[in-house]
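See structure below.
Because only heavy atoms are used, hydrogens play no part in the values below, and waters and symmetry mates are left out as well, while side chains stay in. All chains are named by letter (A, B, ...) in the order of the sequence lines, taking the proteins before the strands, and each is independently numbered beginning at 1.
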There are 2 protein chains.
Amino acid sequence: MPIRVIGLDADDTLWRTNIHFELTEARFAELLAPYAPPQVLRDRLRETEIRNLRLYGYGAKGFTLSMIETALGATGGQVPGAVVGEILAQGRALLETPVEPLPGVRDTLEALARDRRLVLITKGDLLHQEQKLAASGLGELFSAVEIVSDKTEATYARILGAMEVEPDAFLMVGDSLRSDVLPALKLGAFAAHVPHDWAWAHEHAEVPIDHPRYLRLDALTELPERLARLQAEAAA
Amino acid sequence: MPIRVIGLDADDTLWRTNIHFELTEARFAELLAPYAPPQVLRDRLRETEIRNLRLYGYGAKGFTLSMIETALGATGGQVPGAVVGEILAQGRALLETPVEPLPGVRDTLEALARDRRLVLITKGDLLHQEQKLAASGLGELFSAVEIVSDKTEATYARILGAMEVEPDAFLMVGDSLRSDVLPALKLGAFAAHVPHDWAWAHEHAEVPIDHPRYLRLDALTELPERLARLQAEAAA
């Protein structure tokens, strides 16, 4: 069956996000340098984030609350007001970071949208994701936007069900194996992986997936051609 | 045209929410009593919340961040770490408050769901609203759940469009005139208002709406009968 609907992840697939969180993390470690070494602070922040994920979910607001909690812990409860104020300001800056689509993304989406419906499927803070999509100028290329609290096989099943699309007519594209690729493949859909950080991906010797419905891309801009080839092979 | 789809607000329509925010606000004022009178603290918190709404949206995480910001301001930047820790704990408690449907709500929804599709339409933190719906045990009565960043005429138009329902076959029910009733009426849909706080509504001499598609209820439990009467009148 031809692919009729393409799901696209947003953060670090259409525009950069992770780098802003990493810069904020670095500034957080600097801010608390009098109390603990940077690596200890980063590790504690990561632990706090993971512990709070169940309650806060993904996004900049929960991240800010986790930074404040970590600062309290790292200072033995004696966090200076100025540090709290600076963390609040960093969190606001994260929410206000301008959004710029990655190179070639707009043209690629326009090409894809000619023959297929595009759906944005992303996690994070509802309002913030809507604002980023609006700021990106890419909104009108999507026929639906799904902001979800988690991306599991059930999430994709629900979205496809509502659109009345069979899994084998759907392709999900994103930078996360765990959230974008694996649940889509499990459901019987196609999946394309575009790692957002090459250095990281190479260093960690990412496990190659050998799957007939799986594509590995170096950039989103490769998708229209790879998709055409995939469909030609399927038709042959 | 008969009403085929009923939209329901969640917070303070299906279960209590506001009272928990008010109790948290009272504890916040107590916590900072050494720095300012309770009413000043409440007013400042309200101002901070409104100023941050554009960035944080609705929900407990943004409310917590606004409490911390207000505490910083009220203490001249010298907020004690223990106060910050207590505010974080209050915020977590808000996110973990058990959810209990208001009296009669389950039976009412079951009655309504027999002949019509029910859609939950609510603002707030995405993950938290999903968790509250799950905790309420009412989830399976809804054929769709829409967690939105704002409730405007355009929001309702988008939801109805996706469901392929005409406005005059749709009724929205909720406790807010501004979010639930007025935009639905403007769109050409029906709207039912169930004020969640009688004392407040009486005190402020709420403006009565005179509109052929408007219902005013004392409790959600009145809806099935009022709806039956409305449809009988329309048919007559």
Okay, A:V148 and chain B: the region with an atom under 4.5 Å from a heavy atom over there is backbone

Please check if the number of heavy atoms outside B:R51 that lie under 6.0 Å from its CZ is greater than 12. yes

Side chain, backbone, both or neither: which part of A:R92 has a non-hydrogen atom closer than 4.5 Å to chain B? both

Okay, side chain of B:S136, backbone of B:V99: is any donor-acceptor separation there less than 3.5 Å? no

Counting only heavy atoms not in A:E100 (residues, nucleotides, ligands), do more than 12 fall under 6.0 Å from its CD? no

Does CD belonging to B:E140 count more than 12 external heavy atoms closer than 6.0 Å? yes

What pair of heavy atoms forms the shortest contact from B:V105 to B:T13, and how long is it? CG2-O, 4.2 Å

Between the side chains of A:E69 and A:T48, does any donor sit under 3.5 Å from an acceptor? no

Can you tell which of A:V79, A:N52, A:L95 has the highest number of heavy-atom pairs within less than 4.5 Å of chain B? A:L95

Which bit of A:L53 is near chain B, if near means a heavy-atom gap under 4.5 Å: side chain, backbone, both or neither? backbone

Please classify the contact between B:L72 and chain A as side chain, backbone, both or neither, with a heavy-atom cut-off of under 4.5 Å. side chain

When B:R158, B:M163, B:E96, B:Q131 are compared by non-hydrogen pairs under 4.5 Å with chain A, the top option: B:E96

At a heavy-atom distance under 4.5 Å, which candidate from A:G57, A:G73, A:A71, A:G77 has the highest pair count against chain B? A:G77

